[in-house]
Number of protein chains: 2
Amino acid sequence: MKLSTKSRYGVRAMFDMAYHAGSLPAQIKDISRRQNISPRYLEQIFQDLKKAGLLKSRRGPQGGYSLSRPAEEITVKEIVLAAEGELMLVNCVKGLRKDGEAPPSCEFDNQCLTQYIWAEGSRILGQYFDSISLKDLCDQGQELGLEKELDHRFMYFI
Amino acid sequence: MKLSTKSRYGVRAMFDMAYHAGSLPAQIKDISRRQNISPRYLEQIFQDLKKAGLLKSRRGPQGGYSLSRPAEEITVKEIVLAAEGELMLVNCVKGLRKDGEAPPSCEFDNQCLTQYIWAEGSRILGQYFDSISLKDLCDQGQELGLEKELDHRFMYFI
DNA sequence: ATTATTCTTGACAGGAACAGTAGAGATTTT
DNA sequence: AAAATCTCTACTGTTCCTGTCAAGAATAAT
């Protein structure tokens with residue numbers, strides 16, 4: 001019952017982007033360095049987040065990724081959902097999926113009492129994740145005095 | 001982020017025992033037949049549940065398993081915890097484990113904001129699972145009119 | 001135009017965990 | 001003594017996770 005690293009890395013990376021946001025797009029290499037995530041793996045994760053509409057990208061020099069919406073409008077739930085594919089504790093219950101794929105249904109139809117437990121647990125978890133936005137995390141980071149790294153692309157003149 | 005089948009089967013099996021409870025211990029073969037679970041696999045799961053103190057067993061003819069406590073005192077959380085080993089959404093956070101093994105700690109120490117999210121999510125989920133007892137499930141089964149199978153060991157005289 | 005930079009796409013692979021199978025043995029009732 | 005039942009340990013095939021890698025496409029700077 002573990003979240004995949006895609007979810008964990010995804011939330012960390014998105015927070016990192018929001019926290020260090022500047023006028024230019026953020027680049028994989030900077031995020032991966034600060035968050036200690038393999039750059040090649042982070043590329044994959046960002047593809048998922050982009051497909052989910054949470055990121056937009058720009059290629060070429062000075063390119064990179066940026067949040068497609070303000071930090072207060074992006075929740076942890078959206079990121080986990082995009083990275084995990086779905087937010088359902090079991091496979092045997094009908095639920096909304098990222099890819100619209102038909103989910104397997106319970107072999108006991110509605111005779112299985114436990115399906116209600118798993119479905120409700122998933123819902124409760126999703127509700128909690130949805131209550132936390134990237135901006136909330138940024139505020140928390142400020143309070144904790146988390147260091148903000150200056151964009152090296154603005155530091156040529158030092 | 002899926003619960004293992006051990007958890008799902010475990011809860012189903014424990015409910016089955018509570019729902020069909022008689023004066024004699026319940027046997028693997030009956031539970032596995034009613035719940036459509038591989039008997040050999042269910043043996044393994046029951047070993048975990050027994051180690052966690054949720055079941056007691058008796059060998060030999062007319063032997064089997066029985067709940068070690070009344071159904072209203074056994075919650076879904078206990079069963080999931082016993083089957084899953086722990087109830088924590090990530091590995092990077094300190095948490096209580098079944099085996100007391102030292103959990104890996106976060107590489108960012110307390111600098112990682114996301115660990116609070118995962119820990120709180122795990123807590124919320126555990127709290128929900130803890131609010132459901134086997135008796136609650138039995139009551140729900142009654143309301144739904146779920147059929148109770150008579151113990152074949154009492155049916156010789158028919 | 002050319003070049004360097006950055007994202008894009010798809011393939012591939014080692015390892016761990018999951019889900020189940022199997023066999024030999026221990027215990028208890030009949 | 002025999003049959004039923006749980007107990008313990010080991011084994012195995014499959015899937016998923018967690019990356020790595022390579023070649024290509026788009027863009028900005030020169």
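First the proteins, then the strands, lettered A, B, ... as listed; each starts at 1.
Between the side chain of B:Gln44 and the base of D:dT9 there is no donor-acceptor pair of N/O atoms closer than 3.5 Å. At a cut-off of 3.5 angstrom, counting only N and O atoms as typed in the model, there is a donor on one side and an acceptor on the other between the side-chain of A:Arg40 and the base of D:dA22. Side chain A:Glu43 to base C:dT6: no donor-acceptor pair is found below 3.5 Å.
The phosphate of D:dT5 has OP1 or OP2 within less than 4.0 Å of a side-chain N or O from B:Gln27. Remark: A:Tyr65 is in phosphate contact with C:dT8, judged by side-chain N or O atoms under 4.0 Å from OP1 or OP2. The phosphate of D:dT12 has neither OP1 nor OP2 within less than 4.0 Å of any side-chain N or O from B:Tyr41. Between A:Ser4 and D:dC16 there is no side-chain polar atom (N or O) within less than 4.0 angstrom of OP1 or OP2. Using a 4.0 Å cut-off, some side-chain N or O of A:Tyr9 falls inside it from OP1 or OP2 of D:dG19. Of the side-chain N and O atoms in A:Lys50, one or more sit less than 4.0 angstrom from OP1 or OP2 of C:dT8. One finds a side-chain N or O of A:Lys29 lying less than 4.0 angstrom from the OP1 or OP2 phosphate oxygen of C:dT6. Taking 4.0 angstrom as the limit, A:Ser57 places none of its side-chain polar atoms (N or O) nearer than this to OP1 or OP2 of C:dT6. Look at A:Gln47 and you'll find a side-chain N or O under 4.0 angstrom from OP1 or OP2 of C:dT8.
D:dT18 atom P lies 15 Å from atom CG of A:Asn36, rounded to whole Å. Atom CD1 of B:Ile28 is separated from atom P of D:dC8 by 13 Å (rounded to the nearest Å). Across the protein-nucleic acid pair, B:Arg58 atom CZ and C:dA26 atom C1' stand 16 Å apart, rounded to whole Å. A:Arg8 places its CZ atom 9 Å from the P atom of D:dG19, with the value rounded to the nearest Å. Between the NZ atom of B:Lys6 and the C1' atom of C:dC18 there is a distance of 9 Å, given to the nearest Å. Rounded to whole angstrom, the span from the CG atom of A:Asn91 across to the P atom of C:dC18 amounts to 14 Å. Distance, B:Asp48 CG to D:dC6 P: 16 Å, rounded to whole Å. Regarding B:Gln62, its CD atom lies at a distance of 14 Å from the C1' atom of D:dC6, rounded to whole Å.
Between B:Thr5 and A:Arg59, the residue anchored closer to the 5' end of DNA chain C is A:Arg59, taking for each the nucleotide with the nearest heavy atom.
Look at A:Glu86 and B:Lys2 and you find a salt bridge, because one of the NZ, NE, NH1 or NH2 atoms lies within 4.0 Å of a carboxylate O, short of that distance.
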Verdict with supporting geometry, B:Met14 and B:Glu78, side-chain contact (heavy atoms from CB on, under 4.5 Å): CA-CA 11 Å; B:Met14 293 283 281; B:Glu78 291 179 281; over 6 Å; no
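Partners of B:Arg59 by side chain to side chain contact (heavy atoms under 4.5 Å, CB included), not counting sequence neighbours: none found.
Residue A:Tyr128 holds its OH atom at 8.5 Å from CZ of B:Arg123, rounded to the nearest 0.5 Å.
Between the side chain of B:Glu84 and the backbone N or O of B:Ser4, at least one donor-acceptor pair lies under 3.5 Å.
Around CZ of A:Arg34, the count of heavy atoms belonging to other residues, nucleotides or ligands within 6.0 Å exceeds 12.
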